[in-house]
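First up is the structure itself, then whatever we jot down about it.
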Amino acid sequence: MNKNSSTKLNNAKNIKNDEFYTQYEDIKKELSFYESAFKDKIVYCNCDDPQKSNFTKFFELNFDRLNLKKIISTSFNADGKGKIFIMEKDKPKYQGFLENNGDFRSDETIKLLKESDIVVTNPPFSLFREFIDMLISNQKDFLVIGNSNAISYKNCFNYMMKNKLWLGQNCVRWFINTKGELVEGARSFWFSNINNQKRNKKISLNRKYNKQYYTTYDNYNAIEISKTKDIPLDYTGIMGVPITFLDKYNPQQFEIIGADYQVKSGELVCIKRNDWNGKTDRAYINGKRLYSRIFIKHKEVDNVI
């Protein structure tokens with residue numbers, strides 16, 4: 001299919017239309033980094049029509065190679081009963097209907113969630129906050145797709161600060177709509193709490209701190225870093241970086257102090273400059289309001305190379 005002829009995927013949160021399916025190749029590409037994590041595990045795809053979902057298809061085709069114990073796949077049906085598919089070792093496959101509509105928040109599907117080990121799916125973007133809260137409160141391993149905006153959601157950012165959530169290896173830009181058409185959307189990330197290669201890779205830094213080059217914010221006790229590659233390797237203080245830094249964040253290399261919205265709320269009073277009487281909602285330089293920033297520090301400056 002010609003990508004140039006594809007229609008733009010509107011923001012799912014605004015149009016309340018979350019039925020966009022993930023391409024098989026995108027699933028295969030990301031899952032290749034986590035294969036050892038699936039041995040003898042029960043995988044739950046809890047936002048997946050068994051007949052249409054490439055997540056269900058991927059795990060069904062790779063059941064033996066991944067040494068899976070069981071696959072459960074369920075889907076939502078606003079006008080009736082949701083579908084369910086079950087595949088496990090040495091048993092016939094089962095495909096039928098749930099008692100209820102298959103909403104991932106229902107008692108019926110929560111029971112299936114508690115039975116599972118790992119959740120892998122593309123959840124409704126409009127309900128992403130609630131979906132992540134549910135996974136973490138139930139202490140499940142997961143690998144799910146979410147809009148790039150989700151890294152700035154308060155609950156997701158707090159989970160990232162606490163190392164309960166991080167980004168996966170790849171991004172996703174193209175999805176399949178209900179008509180079977182390939183549509184382009186804003187960049188989406190894989191979100192997970194399963195370890196991956198990128199999370200353990202240190203950011204290569206070459207710059208040293210120079211007071212003339214690095215500007216201190218008008219309102220924050222931190223210096224501005226507009227690009228991750230410009231982080232000074234020898235700076236011991238607090239630095240403000242774009243939220244896209246989280247795509248390269250290594251918790252062994254950096255500590256996340258907080259975000260700009262926490263200054264305004266009073267959670268990060270140490271960041272606010274005492275000589276500033278203006279707004280603290282965002283960082284300002286020479287009176288100009290910047291995009292959202294998060295604050296970081298080196299963990300071990302002397303050992304950074």
With the 4.5 Å side-chain cut-off for hydrophobic clustering, are Leu233 and Ile225 part of the same group? yes

Same apolar cluster (I L V M F W Y, side chains within < 4.5 Å links), Met134/Ile72: yes

Could you walk me through whether Ser192 and Val144 pass side-chain contact (heavy atoms from CB on, under 4.5 Å), step by step? CA-CA 6 Å; Ser192 185; Val144 301; over 6 Å; no

Around atom NZ of Lys69, are there more than 12 heavy atoms from other residues, nucleotides or ligands closer than 6.0 Å? no

Donor + acceptor pair across side chains of Asn158, Tyr153 (<3.5 Å): no

Indicate whether any N or O donor in one side chain lies under 3.5 Å from an N or O acceptor in the other, for Glu108 and Ser106. no

Would Tyr21 and Asn54 count as having a side-chain donor-acceptor pair, cut-off 3.5 Å? no

Sorted by chain and number, sequence neighbours left out, salt bridge (charged side-chain N to carboxylate O under 4.0 Å, His left out) with Lys114 holds for none

Would you say Met161 ends up clustered with Leu268 if hydrophobic residues are merged whenever their side chains have heavy atoms under 4.5 Å apart, either directly or through other cluster members? no

Looking only at the side chains, is there a donor atom on one of Asn101 and Asp103 sitting less than 3.5 Å from an acceptor on the other? no

Test salt bridge (charged side-chain N to carboxylate O under 4.0 Å, His left out) applied to Glu30 - qualifying residues, sequence neighbours left out: none

Do the numbers put Lys57 on top of the ring of Tyr24, so that NZ or CZ is under 6.0 Å from the six-membered ring centre and no more than 45° off the axis? yes

Quick one: do Asp281 and Lys279 make a salt bridge, cutoff under 4.0 Å? no

Would you please say whether a donor-acceptor pair under 3.5 Å links the side chains of Arg289 and Asn219? no

Does Cys171 reach the side chain of Phe189, with side-chain heavy atoms less than 4.5 Å apart? yes

Apply side-chain hydrogen bond (donor to acceptor under 3.5 Å, both in side chains) to Lys83 and list each qualifying residue two or more places apart in sequence or on a separate chain. Asp49, Gln51

Is it true that the side chains of Asn200 and Asn250 contain a donor and an acceptor less than 3.5 Å apart? no

Testing the basics here: between Pro123 and Cys47, what is the closest heavy-atom pair and its distance to 0.1 Å? CA-SG, 3.9 Å

Under 4.0 Å between a side-chain nitrogen and a carboxylate oxygen: does that hold for Glu255 and Lys299? no

Pairing of Arg105 and Glu130 as salt bridge, 4.0 angstrom limit: yes

Straight-line distance of Tyr34 OH to Leu66 CG, nearest 0.5 Å: 14.0 Å

All salt bridge (charged side-chain N to carboxylate O under 4.0 Å, His left out) counterparts of Arg282, not counting sequence neighbours: Asp260

Are any side-chain N or O atoms of Glu35 and backbone N or O atoms of Ser32, one a donor and one an acceptor, separated by less than 3.5 Å? no

NZ of Lys89: more than 12 outside heavy atoms within 6.0 angstrom? yes

Side-chain H-bond candidate by donor/acceptor type, Arg65 with Asn62, under 3.5 Å: yes

For Leu31 and Phe59 the tightest heavy-atom approach is CD1-CZ, 4.0 Å

What's the verdict on salt bridge (Lys or Arg N to Asp or Glu O under 4.0 Å) for Glu60 and Lys93, showing C-alpha distance, side-chain angles and the deciding distance? CA-CA 10 Å; Glu60 185 177 2; Lys93 297 176 186 177; 2.5 Å; yes

For Thr121 and Asp48, which I'm curious about, is there any donor-acceptor pair between the side chains at under 3.5 Å? yes

Check Ser75 against Leu98 and note the closest heavy-atom contact, atom names and distance. O-CD1, 4.2 Å

Shortest non-hydrogen contact from Ile285 toward Tyr217: CG1-CD2, 3.7 Å

Keeping to residues at least two apart or across chains, list the salt bridge (charged side-chain N to carboxylate O under 4.0 Å, His left out) pairs with something in residues 203-225. Arg207-Asp230, Glu224-Arg293

Quick check on Asp107: does its CG atom have over 12 non-hydrogen neighbours (other residues, nucleotides or ligands) under 6.0 Å away? no

In terms of hydrophobic clusters joined by side-chain contacts under 4.5 Å, are Ile110 and Phe97 together? no

Please identify each residue that fulfils salt bridge (charged side-chain N to carboxylate O under 4.0 Å, His left out) with Asp26, with sequence neighbours left out. none

Check whether His298 reaches the backbone of Ile238 with its side chain - one donor and one acceptor, N or O, closer than 3.5 Å. no

Taking the six-membered ring for Trp, are Tyr235 and Tyr209 parallel (under 30°), tilted (30 to 60°) or perpendicular (over 60°)? tilted

Angle class for the Phe295/Tyr220 ring planes (parallel below 30°, perpendicular above 60°, tilted otherwise)? perpendicular

Should the ring pair Phe175 and Phe125 be called parallel, tilted or perpendicular, given that the plane angle runs from 0 to 90° and is split at 30 and 60? perpendicular

